[in-house]
Amino acid sequence: MEWNNKSEVRQHFIMALCGGFFGGYAIFGRSAVFGSAQTANLIELVSDLLGRDFREVLLRLGALLLYISAMVLFAVLSRKTVWNLKYLVFLIETGAVVLLAVLPENLNPIVALYPVFFAASFQWCVFKGAEGYACSTIFSTNNVKQTVLSFCDYFLTGQEQAQEREKSLKKGRFFGETLLFFHTGVACAFLGLKALGLSAIWLNLLVILAGLCATEAQEGRIRAQLGGLRLNGPV
């Protein structure tokens, strides 16, 4: 259903905006600690282990365990319940915003971003792409790769292979637009922090609300077509 595909894409872009805001808040507001991924955290964890800074080891291990626990929660709920986990994402991220807003400014930046480690991981599990593409809404590395390679394929494919060119163009645009929305969220976080300080995190509630509205619009239409309450939805 075309309207359903468009709704999925709309939700994906909104969640990329949300992920970008969380990422920008983490980098610009909490001492350049990126709370949406684990690469830097694991590198620092090895450094702390070798440097025998066991306090930092425990803090970074805590961040890793929170990230993993969100994945475990997703795995359990997706197999053992019929819940539409998209709604749980919005609940968790609202809770993360509230926690981030009340945590003291001088708190260790890793601990201060514990809510982001958990919320971003759960978002990644649930909102994992659209249009048949696996595409992250919480960080950008693979999205950059897919954008560049897809446009390279488009320009390097001969004019006689119109269908292949069209597929490459569509894929490149999708990943490129995801990057655009993600970094728009980053820019909003930067400007918000400049204007409001760490209280700028409250602004992300507007994005979360937009995601909730887009999801409910899709789910409401599906429920109307099915003629009843739809409990289980796409995750």
T215-Q11 side chain donor-acceptor pair, cut-off 3.5 Å: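 Yes, Q11 and T215 have a side-chain donor paired with an acceptor closer than 3.5 Å.
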Residue pair E166 / Y154, side-chain donor-acceptor N/O under 3.5 Å: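 Absent: no donor and acceptor within the cut-off.
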Ring centres of [X] and [Y] under 6.0 Å apart?
{"X": "W124", "Y": "F139", "value": "yes"}
{"X": "Y133", "Y": "F175", "value": "yes"}
{"X": "F174", "Y": "H12", "value": "yes"}

Examine [X] and [Y] and state if one hydrophobic cluster contains both, with Ile, Leu, Val, Met, Phe, Trp and Tyr joined whenever side-chain heavy atoms are less than 4.5 Å apart.
{"X": "L42", "Y": "I27", "answer": "no"}
{"X": "I68", "Y": "L59", "answer": "no"}
{"X": "L45", "Y": "F54", "answer": "no"}
{"X": "I110", "Y": "L64", "answer": "no"}
{"X": "V98", "Y": "L66", "answer": "yes"}

Where is the tightest heavy-atom contact between [X] and [Y], given as atom of each residue plus distance?
{"X": "R165", "Y": "G158", "value": "CD-O, 3.2 Å"}
{"X": "F117", "Y": "A37", "value": "CE2-O, 3.8 Å"}
{"X": "L193", "Y": "G24", "value": "CD1-O, 4.2 Å"}

F90 and F127 aromatic ring geometry - parallel, tilted or perpendicular at 30°/60° bounds: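 It falls in the tilted class, 30° to 60°.
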Heavy atoms, side chains only, cut-off 4.5 Å: are [X] and [Y] in contact?
{"X": "F13", "Y": "T178", "result": "yes"}
{"X": "T147", "Y": "E177", "result": "no"}
{"X": "Q218", "Y": "K86", "result": "yes"}
{"X": "L203", "Y": "L196", "result": "yes"}
{"X": "L113", "Y": "F34", "result": "no"}
{"X": "L85", "Y": "S78", "result": "yes"}
{"X": "S168", "Y": "F151", "result": "no"}
{"X": "T137", "Y": "F182", "result": "no"}

If we ignore hydrogens and angles and just use 3.5 Å, is the side chain of [X] paired with the main-chain N or O of [Y] as donor and acceptor?
{"X": "S121", "Y": "Y67", "value": "yes"}
{"X": "S150", "Y": "Q146", "value": "yes"}
{"X": "S31", "Y": "V33", "value": "no"}
{"X": "N41", "Y": "R60", "value": "yes"}
{"X": "Y114", "Y": "G35", "value": "no"}

Test: E131 and R173 ion pair at under 4.0 Å: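 No, this pair does not count.
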Salt bridge R30-E105, side-chain N to carboxylate O under 4.0 Å: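 E105 and R30: not salt-bridged.
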